[in-house]
Amino acid sequence: MRIATWNINGIKARIDNLTNWLSNEKPDIVCLQEIKSVDEAFPRDKIEELGYHVETHGQKGFNGVALISAKSPDEISRGLPGDDDDIQARFIEGVYAVKGGVIRIASIYLPNGNPVDSEKYPYKLKWMARLAGHAEERLALEEPLILAGDYNVIPRPSDCHDPAAWAGDALFLPQTRAAFCKLLNLGLYDAVSGMNDTSGQYTFWDYQAGAWQKNNGIRIDHMLMSAEAADRIDSVSIHKNTRSWEKPSDHVPVVCEINYDWA
DNA sequence: ATGGCTCATACGATGAGA
């Protein structure tokens, strides 16, 4: 089974890129972030034409996540538990029947958190604590679990081109990295860096200032997995070439080959 | 370079992103 995550940066602006990529790569399940669309306006027809099932959790203007799958999920839940007042659409979770059981997959768009002296940074840290609480609950199920998405966290200095430039940024502050470590310490496996030498490997390049041409990138799109899922990984790769396409997203897909088959 | 570009909203700036 091929499972992917991609911050698409606007589904309406990126639908042709996405359908081309789906046709070429034929992933089984794709976690999308930043669809920037309400559910009703999501161009689901063009994805369904390729034989996929679509589940969205959108909002007006920004944020928004989705799950695309070759087969329908058994269950879908929208929104990260833990704060009924949080209306930002940043989390959707699906359960899919596979041979021998189920696989549970969440598409995650973790808050950016900048500027750090605003209310946005405490919101980020609180969201990360809520995610840890939810992950702990799900890990207790002892299922294959994949939490994939745009974490807006640079885990280590080698995950960015210019660490000094990120020193005071919400993506790289010690507290942010500590909160990410806390997630891992629950027993989640960091599949991208675990399966690859990720030093200098990035998943995001800014549109500005020739960042792509200079390879001035950061690695902030991650796949965290329970042991049940991690035990079956064959490979994980970063689809860097999509960043050179016409009208690219500023993020590229991360793809995992995992030894599960549809039920 | 003091965020240099892009998206969505809505039809001209502005907020948001990282």
Side-chain angles (χ1 to χ4, degrees), chain A residues 5-19 21 31-44 46 56-66 86-91 107-125 127-128 149-177 179-180 192 198 200-222 238 240 242-254:
Chain A
T5 179
W6 195 1
N7 179 322
I8 202 74
N9 188 20
I11 188 62
K12 292 188 276 292
R14 217 73 61 210
I15 184 62
D16 290 341
N17 273 9
L18 177 62
T19 52
W21 186 79
C31 303
L32 295 179
Q33 301 87 38
E34 279 206 271
I35 62 173
K36 297 187 178 180
S37 170
V38 292
D39 297 335
E40 304 74 52
F42 190 97
R44 59 171 55 244
K46 292 189 173 176
T56 61
H57 180 41
Q59 69 179 98
K60 191 182 171 88
F62 57 109
N63 299 331
V65 286
D86 183 6
I87 54 164
Q88 298 193 33
R90 296 179 173 277
F91 185 93
S107 177
I108 287 169
Y109 179 44
L110 208 144
N112 174 301
N114 283 304
V116 294
D117 59 357
S118 74
E119 74 291 344
K120 292 184 178 182
Y121 192 56
Y123 173 67
K124 176 177 192 153
L125 293 178
W127 206 95
M128 292 181 85
D150 176 359
Y151 277 74
N152 272 313
V153 174
I154 302 168
R156 291 181 298 274
S158 59
D159 295 318
C160 59
H161 183 261
D162 183 4
W166 292 95
D169 195 279
L171 279 66
F172 193 53
L173 280 175
Q175 264 186 287
T176 305
R177 291 157 62 189
F180 187 74
V192 189
T198 47
Q201 301 297 307
Y202 309 128
T203 63
F204 168 92
W205 295 260
D206 202 289
Y207 290 122
Q208 301 183 76
W212 167 246
Q213 288 76 10
K214 297 174 188 166
N215 195 29
N216 180 12
I218 54 180
R219 194 173 66 82
I220 57 175
D221 298 271
H222 306 297
I238 298 171
K240 186 177 174 179
T242 63
R243 188 62 178 79
S244 66
W245 289 7
E246 289 295 314
K247 261 177 78 83
S249 171
D250 39 11
H251 295 251
V252 299
V254 173

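Hydrogens, waters and symmetry mates are skipped; everything else that's a heavy atom, side chains included, is used. The structure presented is a predicted model; accordingly, all values stated were derived computationally and were not measured. Every chain is numbered from 1, with letters handed out A, B, ... down the list of sequences.
Here A:K124 lies out of heavy-atom contact (under 4.0 Å) with every strand. Among the atoms of the strands shown, base atoms are found under 4.0 Å from some heavy atom of A:D206. A:N152 comes within 4.0 angstrom of sugar-phosphate atoms only, judged by non-hydrogen atoms across all strands, and of no base. Counting non-hydrogen atoms under 4.0 angstrom, A:N216 reaches nothing in the nucleic acid. Within the 4.0 angstrom heavy-atom criterion, no nucleotide atom of any strand lies near A:R219. Using a 4.0 Å heavy-atom criterion, one finds that A:Y109 contacts the sugar-phosphate atoms exclusively.
Heavy-atom nearest nucleotides on DNA chain B were determined for A:Y207 and for A:I220, and the one closer to the 5' end corresponds to A:Y207. The 5' end of DNA chain B is approached more closely, in terms of each residue's nearest nucleotide, by A:K36 than by the other of A:K36 and A:P115.
Residues A:D169 and A:N114 bring a donor and an acceptor atom of their side chains to less than 3.5 Å of each other.
Rounded to an integer number of Å, the gap from CD1 of A:I11 to C1' of B:dC7 is 13 Å. Atom CD1 in A:I8 sits about 14 Å away from atom C1' in B:dT6, given to the nearest Å. Between the CD1 atom of A:I35 and the P atom of B:dT9 there is a distance of 11 Å, given to the nearest Å. Protein atom NZ of A:K214 is 13 Å distant from nucleotide atom C1' of B:dC5, rounded to whole Å. Spacing between atom CG of A:N7 and atom P of B:dA8 amounts to 12 Å, rounded to whole angstrom units. If you take CD of A:Q59 and C1' of B:dT9, they are 14 Å apart, rounded to a whole angstrom. A straight line from CD of A:E34 to P of B:dA16 spans 13 Å, rounded to a whole angstrom. The CD1-P distance, from A:I154 to B:dG17, rounds to 16 Å in whole Å.
Residues A:Y109 and A:F91 keep their aromatic ring centres 6.0 Å or farther apart. The six-membered or imidazole ring of A:W6 lies near that of A:W21, with a centre-to-centre distance under 6.0 Å.
Atom CD1 of residue A:I11 and atom CG of residue A:L18 lie 5.0 Å apart, to the nearest 0.5 angstrom.
In this structure, A:R177 satisfies the cation-pi test against A:F172, with its NZ or CZ atom closer than 6.0 Å to the six-membered ring centre and inside 45 degrees of the ring normal.
Ranking B:dA10, B:dC5, B:dA8 by closeness to the A:K60 side chain, first place goes to B:dA10. Residue A:A209 has its side chain nearest to B:dG4 when only B:dG17, B:dG4, B:dC7 are considered. Which of B:dC7, B:dA8, B:dG17 sits closest to the side chain of A:K12 comes down to B:dA8.
Comparing the same atom, P, in B:dA10 and in B:dG15 gives a spacing of 14 Å after rounding to whole Å. Comparing the C1' positions of B:dT2 and B:dC7 gives a spacing of 23 Å, expressed to the nearest Å. Spacing of P atoms, B:dG4 relative to B:dT9, comes out at 23 Å, to the nearest Å.
Between A:W212 and A:W205, the ring-plane angle classifies as perpendicular under the 30° and 60° cut-offs.
Remark: A:R14 is not in phosphate contact with B:dT6, judged by side-chain N or O atoms under 4.0 Å from OP1 or OP2.
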